[in-house]
Peer 1: 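Just dropping this structure here.
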Amino acid sequence: MAQLWGGRFTKQTDQLVFDFNASITFDKRLFHEDVTGSIVHATMLAKQGILTEEERKSIVEGLTGILEDVDDGTLAIDESQEDIHSFVEATLIDRIGDAGKKLHTGRSRNDQVALDMRLYTRARVAEIDGLLKKLLEAILDTMKNNLDTYMPGFTHLQKAQPITLAHHYGAYFEMFKRDRQRLTDIYKRMNYCPLGAGALAGTTYPLDREYTARLLRFEGPTLNSIDSVADRDYLIEFLSALSTIMMHLSRFSEEIIIWNSNEYQFVELDDAYSTGSSIMPQKKNPDIAELVRGKTGRVYGALMALLTTMKGLPLAYNKDMQEDKEMAFDAMDTAADCITLFTGMIQTMKFRKDRMAKSAMNGFTNATDAADYLVGKGVPFRDAHGIIGRLVLYCIEKDTSIDALSLEELRSISDKFDEDIYEAISLKTCVEKRLIIGAPGEKMMKQVIEKNKEYLKNDAIEEYQQSLEDRLS
């Protein structure tokens, strides 16, 4: 058993206890962050005269060598160690001797793991943001190419009013745009350095926490050493944002699954993003969309697990907080995979525009426009609503659509109908006359697409990082 403590103990830790307590099987993912934080810590200690320049050089060279050897495969992470911190420090001591024993001066595993997890999460926030940007670019491409692809809009999963595919996709653009805004907020709010907080009460060594924070590209040091080691709000916020992203992906997946069904046939999924049946040769299943929908609950579970873990913990650090990692790592991986696969799926998906337009025509989606037509002829809206309701009932009985009725049939229900009714309730007219911002009319959609293009030219997290770099340099 390899661990960083034991001086006050007279008895060997039970092997089952050690295995239960150890975290290296999953916190080895923090290897790069642990080495990076240790190099910066040693650099700061030397700046403050706590280490000599020779000791700093030996430690930094030793840590750099460990990093390179693990990365190129010549050194394997030893999972008999208690955690990744133990592995790095033990390997360093083995390589450079007593100087390595001074690395942990002024530092606790509490603030060390708090730093590692914050560095790792910060990088994953930026990664997810980049994946969402690619998804938004794919959505915007579909919008630009489908300004006149008519389809039914739905409420209650009932056909409601005619819209375009561009307009429908635009709703998801707004959702994922908000998701990116949340990620930017999280990135900025979490960007403070906990290293130097010690176990919970700081240290008597004259550390320069501002210097450490600057080297690690944080805004500055955290301002309360207790909160520094007890805080996992940033991780809870990230898991919450991931859960919202997954919810949006799941809603989108549900629609694609419906559109792909035999009853709808709005879309055809690319073979590369579909699977077949082991018994039914005709099947082409939307498994990627279904798995994205299914994995949403997995990400929700990680959020609820961490909230439950944190809800009863007294200050400051408690071993319960080791449970912040496994499911959080899984949620980050799951969300990243889902966004990537979903983006590929929608980029290769083909639309059956004829089926979509026919569905809109046969679903009385122009009924509201027919009522508005009567209002334009002087009929009060409430009366017009009743007239069109009777007209729809007549169409249902005749198994036809409003625009397929003869003028004589229309006038049998209201003498206000005239030849111009057919133009007034065509899909093109129904869509194009909606000319307020946010509506599906082509003129308005073109304005929205231009705004979305401008939005995608900028990257809030990259801009923040550059601004911080400029301020720190």
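Values in this document were obtained by computation on a predicted structure and should not be read as measured data.
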Peer 1: Could you check whether any side-chain heavy atom of Val113 comes within less than 4.5 Å of a side-chain heavy atom of Asp27, counting everything from C-beta outward?
Peer 2: no

Peer 1: Just do the side-chain hydrogen bond (donor to acceptor under 3.5 Å, both in side chains) check on Asp83 and Ser86 with the steps written out, would you?
Peer 2: CA-CA 5 Å; Asp83 51 38; Ser86 304; 2.7 Å; yes

Peer 1: Do Glu254 and Arg251 meet the salt-bridge criterion of a basic N to acidic O distance under 4.0 Å?
Peer 2: no

Peer 1: Would the number of heavy atoms belonging to other residues, nucleotides or ligands and lying under 6.0 Å from NZ of Lys416 be above 12?
Peer 2: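 Not more than 12 within 6.0 Å, no.
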
Peer 1: In Å, rounded to the nearest 0.5 Å, how long is the span from CG of Leu291 to CG of Asp337?
Peer 2: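 Between atom CG of Leu291 and atom CG of Asp337 there are 11.0 Å.
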
Peer 1: Measuring from Leu249:CG to Leu135:CG, what's the distance to the nearest 0.5 Å?
Peer 2: 6.5 Å

Peer 1: More than 12 non-hydrogen atoms from neighbouring residues, nucleotides or ligands closer than 6.0 Å to NZ on Lys433, yes or no?
Peer 2: yes

Peer 1: Kindly indicate whether the side chain of Thr142, heavy atoms from C-beta on, has any atom under 4.5 Å from the side chain of Phe351.
Peer 2: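 The answer is yes; the side chains approach within 4.5 Å.
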
Peer 1: Please lay out, stage by stage, how Glu442 and Met445 fare under the test side chain to side chain contact (heavy atoms under 4.5 Å, CB included).
Peer 2: CA-CA 5 Å; Glu442 184 173 341; Met445 283 305 305; 5.6 Å; no

Peer 1: Kindly confirm or rule out a cation-pi arrangement of Lys177 over Tyr455, judged by NZ or CZ under 6.0 Å from the six-membered ring centre and within 45° of its axis?
Peer 2: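 The answer is yes; both the distance and angle limits are met.
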
Peer 1: Are the charged groups of Asp333 and Arg124 less than 4.0 angstrom apart, N to O?
Peer 2: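 Yes, Asp333 and Arg124 are salt-bridged.
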
Peer 1: Think Arg122 forms a cation-pi with Tyr234, using NZ or CZ under 6.0 Å from the six-ring centre and within 45 degrees of its axis?
Peer 2: no

Peer 1: Check side-chain contact (heavy atoms from CB on, under 4.5 Å) between Asp415 and all other residues, then give those that pass, not counting sequence neighbours.
Peer 2: none

Peer 1: Please check if atom NZ in Lys284 has more than 12 non-hydrogen atoms from other residues, nucleotides or ligands closer than 6.0 Å.
Peer 2: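 Enclosed.
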
Peer 1: Applying side-chain hydrogen bond (donor to acceptor under 3.5 Å, both in side chains), can you list everything that pairs with Tyr172, at least two apart in sequence or on another chain?
Peer 2: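 Glu255.
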
Peer 1: Flag the pair Ile449 / Lys453 as yes when at least one side-chain heavy-atom distance between them is below 4.5 Å, and no otherwise.
Peer 2: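 With C-beta onward as the side chain, the pair touches.
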
Peer 1: What residues, two or more places apart in sequence or in another chain, satisfy side-chain hydrogen bond (donor to acceptor under 3.5 Å, both in side chains) together with Tyr300?
Peer 2: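 Checked Tyr300 against side-chain hydrogen bond (donor to acceptor under 3.5 Å, both in side chains); zero matches.
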
Peer 1: Students often mix this up, so state it plainly: with edges at 30° and 60°, are the rings of Tyr169 and Phe252 parallel, tilted or perpendicular?
Peer 2: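 Because their plane-to-plane angle is over 60°, the rings of Tyr169 and Phe252 count as perpendicular.
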
Peer 1: By side-chain hydrogen bond (donor to acceptor under 3.5 Å, both in side chains), which residues pair with Thr222, not counting sequence neighbours?
Peer 2: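 If we apply the side-chain hydrogen bond (donor to acceptor under 3.5 Å, both in side chains) test to Thr222, skipping adjacent residues, the hits are Arg209, Ser228.
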
Peer 1: Under a plain distance cut-off of 3.5 Å, with no hydrogens placed, do Asp185 and Gln181 share a side-chain donor-acceptor pair?
Peer 2: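 Their side chains do not contain a donor-acceptor pair, so the 3.5 Å distance test is not met.
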
Peer 1: Taking side chain as C-beta onward, heavy atoms only, is Lys28 less than 4.5 Å from Val70?
Peer 2: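 SC-SC contact between Lys28 and Val70 ruled out.
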
Peer 1: Compare every heavy atom of Leu269 with every heavy atom of Ser274, then report the nearest pair and how far apart it is.
Peer 2: OG-CB, 3.3 Å

Peer 1: Can you name the closest pair of heavy atoms from Thr429 and Ala424 and give their distance?
Peer 2: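 Nearest heavy atoms, Thr429 then Ala424: CG2-O, 3.6 Å.
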
Peer 1: Which residues pass the salt bridge (Lys or Arg N to Asp or Glu O under 4.0 Å) test with Arg180, sequence neighbours left out?
Peer 2: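 Arg180: salt bridge (Lys or Arg N to Asp or Glu O under 4.0 Å) contacts with Asp129, Asp459.
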
Peer 1: What's the separation between atom OG1 in Thr212 and atom CG in Leu195, rounded to the nearest 0.5 Å?
Peer 2: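 Separation between the atoms: 5.5 Å.
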
Peer 1: Taking the basic N atoms (NZ, or NE/NH1/NH2) and the acidic carboxylate oxygens, is any pair closer than 4.0 Å for Lys325 and Asp116?
Peer 2: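 A salt bridge is absent here (no side-chain N lies under 4.0 Å from a carboxylate O).
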
Peer 1: Would you say Met345 and Leu341 make side-chain contact, with heavy atoms under 4.5 Å?
Peer 2: no

Peer 1: Can you run down the salt bridge (charged side-chain N to carboxylate O under 4.0 Å, His left out) pairs that involve residues 372-387, sequence neighbours left out, and say none if there aren't any?
Peer 2: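 Sorted pair list: Lys377-Asp420.
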
Peer 1: Using side chain to side chain contact (heavy atoms under 4.5 Å, CB included), reason through Phe173 and Leu136 one step at a time and then give a plain yes or no.
Peer 2: CA-CA 6 Å; Phe173 192 99; Leu136 285 170; 3.6 Å; yes

Peer 1: Give, for atom CG of Leu132 and atom CD of Glu137, the distance between the pair rounded to the nearest 0.5 Å.
Peer 2: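 So the CG of Leu132 and the CD of Glu137 are separated by 11.0 Å.
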
Peer 1: Measuring only between side-chain heavy atoms, which start at C-beta, is Met321 closer than 4.5 Å to Thr309?
Peer 2: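 Counting from C-beta outward, Met321 and Thr309 never come under 4.5 Å.
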
Peer 1: Assess the residue pair Asp369 and Arg434 against the criterion (salt bridge (charged side-chain N to carboxylate O under 4.0 Å, His left out)); give the C-alpha distance rounded to whole Å, side-chain angles, the decisive distance to 0.1 Å, and a yes or no.
Peer 2: CA-CA 10 Å; Asp369 295 270; Arg434 286 174 160 76; 2.9 Å; yes

Peer 1: Give every residue pair that meets the salt bridge (charged side-chain N to carboxylate O under 4.0 Å, His left out) criterion with at least one member in residues 341-356, sequence neighbours excluded.
Peer 2: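 Found Arg352-Asp354.
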
Peer 1: Which residue pairs satisfy the side-chain hydrogen bond (donor to acceptor under 3.5 Å, both in side chains) criterion with at least one member in residues 147-156, sequence neighbours excluded?
Peer 2: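 Only Asn146-Thr149 qualify under side-chain hydrogen bond (donor to acceptor under 3.5 Å, both in side chains).
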
Peer 1: Hey, does the Lys NZ or Arg CZ of Arg29 hover above the aromatic six-ring of Phe329, less than 6.0 Å from the centre and inside 45° of the axis?
Peer 2: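 Flagged: Arg29 positioned over aromatic ring of Phe329.
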
Peer 1: Please enumerate all residues that pass ring pair (Phe, Tyr, Trp, His ring centres under 6.0 Å) together with Tyr187, with sequence neighbours excluded.
Peer 2: Tyr464

Peer 1: For Phe364, what residues pass the ring pair (Phe, Tyr, Trp, His ring centres under 6.0 Å) criterion, not counting sequence neighbours?
Peer 2: none

Peer 1: Tell me the closest heavy-atom pair linking Tyr192 and Pro221, and the distance in Å.
Peer 2: CD2-O, 4.1 Å

Peer 1: When rounded to the nearest 0.5 angstrom, what is the spacing between CG in Leu242 and OG1 in Thr296?
Peer 2: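 Going from the CG atom of Leu242 to the OG1 atom of Thr296 covers 11.0 Å.
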
Peer 1: Using the test side-chain hydrogen bond (donor to acceptor under 3.5 Å, both in side chains), find all partners of Ser250 that sit at least two apart in sequence or belong to another chain.
Peer 2: none

Peer 1: Determine yes or no for a side-chain-to-main-chain donor-acceptor pair under 3.5 angstrom, with Arg411 supplying the side chain and Phe417 the backbone.
Peer 2: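 Judged by distance alone, yes, a pair lies under 3.5 Å.
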
Peer 1: With a 4.5 Å limit on heavy-atom distance, are the side chains of Glu419 and Leu407 in contact?
Peer 2: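 Yes, side chains in contact.
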
Peer 1: Return yes when atom NE2 of His385 has more than 12 non-hydrogen atoms of other residues, nucleotides or ligands closer than 6.0 Å, and no otherwise.
Peer 2: no

Peer 1: Under a 4.5 Å cut-off applied to non-hydrogen side-chain atoms, are Gln112 and Leu30 in contact?
Peer 2: no

Peer 1: For a side chain to side chain contact (heavy atoms under 4.5 Å, CB included) check, start with the C-alpha distance between Tyr273 and Ile346, then their side-chain angles and the critical distance, and finish with the verdict.
Peer 2: CA-CA 9 Å; Tyr273 290 89; Ile346 67 169; over 6 Å; no

Peer 1: Between Asn458 and Lys133, what is the shortest heavy-atom contact and its length?
Peer 2: O-NZ, 4.1 Å

Peer 1: Holding to side-chain contact (heavy atoms from CB on, under 4.5 Å), I want the full list of residues that pass it with Phe154, two or more places apart in sequence or in another chain.
Peer 2: Pro152, Lys159, Tyr264

Peer 1: How close do Asn366 and Cys430 get, counting heavy atoms only, and between which atoms?
Peer 2: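 Residues Asn366 and Cys430, closest heavy atoms: CB-SG, 3.7 Å.
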
Peer 1: Looking only at heavy atoms, which two atoms of Lys134 and Thr343 are closest? And how far apart?
Peer 2: O-CG2, 4.0 Å

Peer 1: Quick one: pull up CG in Leu427 and OG1 in Thr365 and give me the separation to the nearest 0.5 Å.
Peer 2: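 Going from the CG atom of Leu427 to the OG1 atom of Thr365 covers 5.5 Å.
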
Peer 1: Does Arg182 pair with Glu237 as a salt bridge, N-O distance under 4.0 Å?
Peer 2: no

